[in-house]
Colleague: 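Once you've had a glance at the structure underneath, I'll fire off some questions.
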Amino acid sequence: MACRRGALIVLEGVDRAGKTTQCKKLVQALQQCGQRAEMLRFPDRNTEIGQLINSYLEKKSNLEDHTIHLLFSANRWEQVPLIKEKLEQGVHLIVDRYAFSGVAFSSAKPGMSVDWCKFPDVGLPKPDLVLFLQLSPTEAARRGQFGVERYENTDFQKAVEARFQQLMMDRSVNWEVIDACRSVEDLHKEIKSRSKATMDTAACQPIGELWK
Ligand code: NYM
């Protein structure tokens, strides 16, 4: 592979940590520096699978827990050819949620183990960096009420946060925890600087396989 592939950078974190805002700002900043960068987000609600997921999240349909988990995973796999193509073309991909949200949310449900939940995502393109935007429950609460989508309640979010902490103990993934309790601009500066360091090192490495 030519020594200039793009980096796969994922932002994860509890709800209201600012992932979407920060993904957009990072893509914009990279583009302004003349870099090729694009944003992806999961779930991608535009595909047929994404529409099934959307209807589940909006509580318009009910799906069995394993079934919806597999749909979230399939929604990532259907983007893999595009992800690989873009990275190989030298485009940096900034991703709003990935398999880690998949495992953290599903395994927070009764009877769903972390190991079982990881399996369908084993072998996905491995992120070069996963930035976990950490926000205390108190600060999260200050940022407004939950919406009406499925999973948007404090007890469930606490269980999700605990699963994220468990996933972060796996050193095969390049996690960096960032304190999200500060201004949008300060957070952006730190995310930009950590991402740039990763872009330099990722450029000459092959794309890895997640959890393999
Ligand atoms: N979610 C997201 C999952 O349960 N599994 C997944 O694999 C992913 C990617 O979907 N509450 C949950 C987390 C969120 C919800 O995400 C929708 P967003 O970023 O609000 O569109």
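Position 1 is the first residue of the sequence; numbering continues from there. In listed order, ligands and their atoms are each counted from 1.
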Colleague: For ligand 1, which part of P43 has a heavy atom less than 4.0 Å away: the side chain, the backbone, both, or neither?
Modeller: both
Colleague: In the protein, what heavy atom is nearest to atom 11 (N) of ligand 1, and what distance, to one decimal place, separates them?
Modeller: F105 CE2, 3.5 Å
Colleague: Establish, from distance only, whether the side-chain atoms of D44 and N46 form a donor-acceptor pair under 3.5 Å.
Modeller: yes
Colleague: What are the atoms of ligand 1, with element, lying closer than 4.0 Å to any heavy atom of F42?
Modeller: 9 (C)
Colleague: Against heavy atoms of L57, which atoms of ligand 1 measure under 4.0 Å?
Modeller: 10 (O), 15 (C), 17 (C)
Colleague: Quick one: do Q205 and R5 satisfy side-chain contact (heavy atoms from CB on, under 4.5 Å)? Show the steps, please.
Modeller: CA-CA 8 Å; Q205 289 170 359; R5 78 161 168 92; 4.1 Å; yes
Colleague: Does R76 approach ligand 1 within less than 4.0 angstrom via side chain, backbone, both or neither, non-hydrogen atoms only?
Modeller: side chain
Colleague: Is it the side chain (CB and beyond), the backbone, both or neither of R41 that lies under 4.0 Å from ligand 1, heavy atoms counted?
Modeller: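 For R41, only side-chain atoms sit under 4.0 Å from ligand 1.
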Colleague: Which one holds for N75 and ligand 1: side chain close, backbone close, both close, or neither close, with close meaning a heavy atom under 4.0 Å?
Modeller: neither
Colleague: Whether R163 engages the ring of F105 as a cation-pi pair (distance to the six-membered ring centre under 6.0 angstrom, angle to the ring normal within 45°) should be assessed.
Modeller: no
Colleague: Considering only the protein, which heavy-atom contact is closest to atom 19 (O) of ligand 1, and what is its distance?
Modeller: R97 NE, 2.8 Å
Colleague: Using side-chain contact (heavy atoms from CB on, under 4.5 Å), reason through K212 and K126 one step at a time and then give a plain yes or no.
Modeller: CA-CA 9 Å; K212 250 188 169 177; K126 182 175 173 175; over 6 Å; no
Colleague: Considering only protein heavy atoms, which is closest to atom 2 (C) of ligand 1, and at what distance to one decimal place?
Modeller: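 Answer for atom 2 (C) of ligand 1: F72 CE2, 3.7 Å.
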Colleague: Tell me, which protein residue and heavy-atom name are nearest atom 17 (C) of ligand 1, and how many Å apart are they?
Modeller: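 Atom 17 (C) of ligand 1 sits closest to the protein heavy atom R45 NH2, 3.4 Å.
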Colleague: Decide whether D170 and S172 meet the rule of one side-chain donor and one side-chain acceptor closer than 3.5 Å.
Modeller: yes
Colleague: Would you kindly say whether E161 and Q165 are connected by a side-chain donor-acceptor distance under 3.5 Å?
Modeller: yes
Colleague: Going by distance alone, is a donor N or O of one side chain under 3.5 Å from an acceptor N or O of the other, for T198 and D128?
Modeller: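 Their side chains do not contain a donor-acceptor pair, so the 3.5 Å distance test is not met.
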